[in-house]
Amino acid sequence: MDAVKTRFAPSPTGHLHVGSARTALFSYLLARRTGGTFLLRIEDTDRARHQEEAVAQIVEDLRWLGLGWDEGVGVGGPAGPYVQSERLTIYRDAVQRLLDAGKAYYAFESAEELDALRAAAEANKQAFRYVRPDPLPSRADADRAAAEGRPVVVRLLCPGQDVTIHDEVFGDVTIPAEQQDDFIIQKADGYPTYHLANVVDDQAMGVTFILRGQEFLGQTWRHKLLREAFGYPEPRYAHLPLILDMQGKKLSKREGSVDVFSFRRAGYLPEAMVNFIALLGWSPGTKEERFTLAELEAQFSVERLGKANAKFDRDKLLAFNTDAIAAASPERLLAAFKDFLSVNPEAPMAGQSDETLRRVLEVTVGFRTFQDVIDKAGFIFLPDEAIAYDEKAVQKVLAKNDGEGWAMLQTLMPVLREAEWSAEALEKLLNGICEQQGIGMGKVAQPIRVAVSGTTISPAIFDTLVLLGREKTLARIDRCLSRHG
RNA sequence: GGCCCCAUCGUCUAGUGGCCUAGGACACCGGGUUUUCAUCCCGGCAACACGGGUUCGAACCCCGUUGGGGUCACCA
């Protein structure tokens with residue numbers, strides 16, 4: 001395929017949603033695959049919804065995923081600015097051109113009047129369509145309405161013909177003329193609507209291939225009509241099937257944890273996220289399932305995009321993450337873990353040295369997310385007083401069989417006090433005790449585990465003790481023993 | 001409700017008329033490794049929504065039904 005120019009154009013309403021992340025990913029991949037360019041534009045034409053931090057959050061999320069852009073916000077380019085609220089005069093000029101050409105006109109209905117018409121249409125079981133006034137209001141009419149305090153908007157004068165969209169995923173889709181009406185292109189506050197700004201910018205910025213969610217497919221007729229009115233050429237379109245939650249509903253922010261930042265905070269690797277998301281609506285056509293970003297850049301193609309909506313299966317994401325962690329080098333893992341801690345500053349091991357962190361990662365091998373590392377080894381870094389004893393663990397491991405666990409701890413105290421403090425030496429020592437008493441390792445390791453962690457979950461016991469240190473180990477066993485009395 | 005779109009295991013999907021007694025992955029179930037929790041290894045269960053056509057032959061083509069989703073804003 002020839003080099004294409006794609007774009008990702010989110011509106012700043014918070015962190016990057018996984019659906020948006022996939023749109024960004026595919027747009028990025030298509031640009032890379034064709035040797036084209038990928039640009040980032042911010043569509044902030046809604047003054048009410050605008051969130052100040054959102055742009056920075058989206059940029060951060062894209063960077064975390066590893067999706068760099070060649071042009072746009074933060075990096076500049078020939079068609080800037082790349083934030084729509086800074087391009088208002090461009091849109092106003094564009095609207096004026098349409099007005100001058102008689103392809104758009106003013107309208108003054110209030111929101112209440114429109115709502116009433118909509119309600120009436122619905123009561124009548126009919127779809128609401130704006131009825132074009134005849135004759136069309138003049139500029140003087142608009143000025144008068146404005147003077148009376150009425151809202152003045154601009155609507156596009158639609159030709160009233162069926163419009164067919166050529167979509168690379170869904171094929172030709174025709175929207176009947178009866179379904180169209182003269183939609184608003186400039187709001188009463190002077191801001192352009194999404195449709196107007198989007199079309200004007202895609203043209204101004206040279207975008208040749210538009211990838212976006214399927215929810216826009218039924219509205220693309222507006223963009224095509226706008227382009228015809230301006231005399232713009234048509235770009236190529238590829239609408240992506242939607243990502244639904246496991247209940248089959250559209251993934252919404254309200255249900256929580258569906259933005260990439262929440263997965264970052266939960267201890268997922270960006271490479272796993274990218275790999276998993278890439279397979280939602282796209283398939284390489286082979287049995288291969290694990291891909292790096294670079295491999296995706298080499299293999300992605302719009303021909304292999306599917307049409308059916310996909311459900312977002314967290315279990316599968318978890319499996320991808322497990323594999324990505326297993327495949328990561330120690331250095332990569334350390335860097336990712338530190339990134340995780342940077343967004344989880346309250347974590348017990350936040351602030352520990354690289355050496356310690358590396359060690360923690362080693363002894364917790366098998367973890368599926370970085371949160372698992374905290375769940376499994378976080379107690380080591382807690383103050384001794386913060387260790388809470390799980391009643392069931394205490395019962396099962398210490399109290400059962402006439403308190404044989406407690407007895408074991410009593411036996412162990414003096415031994416550990418004199419022990420050489422290394423994993424090898426400790427292992428040898430405890431193995432000796434097992435042989436001597438003719439018992440299994442569980443009988444000695446478990447009581448120690450519960451005493452030091454409060455639970456039956458920890459890294460291998462020798463590693464745990466070494467990381468904890470002799471002093472804390474003895475203090476915790478002592479504390480556990482004294483609680484028993 | 002009008003319009004648009006979609007339809008293979010519970011989930012993501014492979015499959016473009018014969019290579020399909022439908023393949024892979026996740027989940028699930030069973031077993032194994034293990035000082036805990038995990039990881040890991042082995043095995044198993046499991047789908048072409050339904051009904052009509054077309055064809056020598058249909059998961060693949062056509063029509064209908066059903067089901068699901070999207071969209072009908074001065075939000076994007």
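Reckoned from all heavy atoms, side chains included, excluding hydrogens, waters and symmetry mates. Reminder, nothing fancy here: chain letters follow the sequence lines and each chain counts from 1.
Looking at heavy-atom distances under 4.0 Å, A:Arg304 makes contact with sugar-phosphate atoms alone, never a base. Among the atoms of the strands shown, only primed sugar atoms or phosphate atoms (P, OP1, OP2) are found under 4.0 Å from some heavy atom of A:Thr174. Looking at heavy-atom distances under 4.0 Å, A:Pro241 makes no contact with the nucleic acid at all. Within the 4.0 angstrom heavy-atom criterion, base atoms lie near A:Ala460. When heavy atoms are screened at a 4.0 angstrom cut-off, A:Val173 is found touching the sugar-phosphate backbone but no base atom. At a threshold of 4.0 angstrom between heavy atoms, the contacts of A:Ser458 include nucleobase atoms, whether or not backbone atoms are also involved. Within 4.0 Å of A:Glu303, counting heavy atoms only, lies no atom of the nucleic acid at all. Residue contacts for A:Leu217: at a heavy-atom cut-off of 4.0 Å it reaches no nucleic acid atom on any strand shown. Nucleic acid contact for A:Glu215: sugar-phosphate only, since backbone atoms but no base atoms lie under 4.0 Å from a heavy atom of the residue. Using a 4.0 Å heavy-atom cutoff across all strands shown, A:Pro151 reaches at least one base atom of the nucleic acid. Using a 4.0 Å heavy-atom criterion, one finds that A:Ala188 contacts the bases of the nucleic acid, with or without backbone contacts as well. Across all strands shown, A:Phe216 has heavy atoms under 4.0 Å from base atoms, whether or not it also approaches the sugar-phosphate. No engagement by A:Arg129 is indicated, since no non-hydrogen atom pair under 4.0 Å with the nucleic acid exists. Among the protein residues, A:Ser283 comes within range of the sugar-phosphate backbone only, with heavy atoms under 4.0 Å from sugar or phosphate atoms but none that close to a base.
Side-chain atoms of A:Thr220 do not come within 3.5 Å of backbone N or O of A:His223 as any donor-acceptor pair.
Base pairing annotation: B:C9 forms no Watson-Crick or G-U wobble pair, as no partner gives both donor-acceptor distances under 3.5 Å. Pair check for B:C50 finds B:G64; Watson-Crick or G-U wobble, both atom distances under 3.5 Å. B:U36: no Watson-Crick or G-U partner with both key distances under 3.5 Å is found in any strand.
For A:Gln219 and B:A76, a side-chain-to-base donor-acceptor distance below 3.5 Å is present, hydrogens and geometry of angles not being considered. A donor N or O paired with an acceptor N or O is found under 3.5 Å between the base of B:A25 and the side-chain atoms of A:Lys316. Within 3.5 Å, a donor on the side chain of A:Lys376 pairs with an acceptor on the base of B:C37, or the reverse. Side-chain to base pairing of A:Arg449 with B:U35: one donor and one acceptor N or O lie within less than 3.5 Å of each other.
Annotation: A:Phe276 is in aromatic contact with A:Phe312 [ring centroid separation under 6.0 Å]. Taking the six-membered ring where the residue is Trp, the centroids of A:Phe300 and A:Trp282 are separated by under 6.0 Å.
Remark: the A:Thr164 side chain and the A:Thr174 side chain contain an N/O donor-acceptor pair separated by less than 3.5 Å.
Not one side-chain nitrogen or oxygen of A:Lys249 sits closer than 4.0 Å to the OP1 or OP2 atom of B:G70. Residue A:Arg47 has no polar side-chain atom (N or O) positioned under 4.0 Å from OP1 or OP2 of B:A76. Note on A:Ser453: every side-chain N or O is 4.0 Å or more away from OP1 and OP2 of B:U36. For B:A76, neither phosphate oxygen OP1 nor OP2 lies less than 4.0 angstrom from any side-chain nitrogen or oxygen of A:Arg49.
We find that CZ of A:Phe320 is positioned 8 Å from C1' of B:C12, with the value rounded to whole Å.
Taken to the nearest 0.5 Å, the CD atom of A:Gln179 stands 10.0 Å off from the CG atom of A:Asp162.
A salt bridge (charged side-chain N to carboxylate O under 4.0 Å, His left out) with A:Asp182 is found for exactly one of A:Arg155, A:Arg132, A:Arg129, A:Arg222, namely A:Arg132.
Here the separation of B:C9 from B:C50, taken at their P atoms, is 10 Å to the nearest Å.
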